Amino acid sequence: MKLKFSKEKTGLFAAGVLFGTAGVNLLSGKDAKRLYTGCTAAVLRAKKCIMKTVTTVQENCEDIYADAKQINEEREQDNEIFEDIDIQEPEEAEEGGNA
């Protein structure tokens, strides 16, 4: 089997190798490192801001939950007071008085 080399395909292969090597050099260079460092710093700042917001929301949810529990406890206490009082219906009061 005989391999056929064409100038066009060989040129494209050489260009790919050249761009690949240049790309690796660009991605591992000092400027790229500065870019990666800057992007990482920005992500860390965003994370700090997001975590601050999450903490605030979480604290607000805890306050809301505590207030809701207190409201329900007060309602239960009010219901217990009314359950202790023996309230007669008007019909029962009239029947009891006529007998």
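Here the structure is a predicted model, which means the values were calculated and not measured.
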Pairs involving residues 49-61, ordered by first then second residue, that meet side-chain hydrogen bond (donor to acceptor under 3.5 Å, both in side chains) (sequence neighbours left out):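 The answer is none; no pair qualifies.
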Among pairs that include at least one residue of residues 29-51, which meet side-chain hydrogen bond (donor to acceptor under 3.5 Å, both in side chains), considering only residues two or more places apart or in two chains?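 Residue pairs passing side-chain hydrogen bond (donor to acceptor under 3.5 Å, both in side chains), neighbours aside: Asp31-Arg34.
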Partners meeting side-chain hydrogen bond (donor to acceptor under 3.5 Å, both in side chains) with Glu74 (sequence neighbours left out): Gln70
Going by side-chain contact (heavy atoms from CB on, under 4.5 Å), name the residues that satisfy it together with Val17, two or more places apart in sequence or in a different chain. Phe13, Thr21
Check which hydrophobic residues are tied to Val57 through side-chain heavy-atom contacts below 4.5 Å, counting indirect links as well, and list them.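 Traced through the cluster, Val57 reaches no other member.
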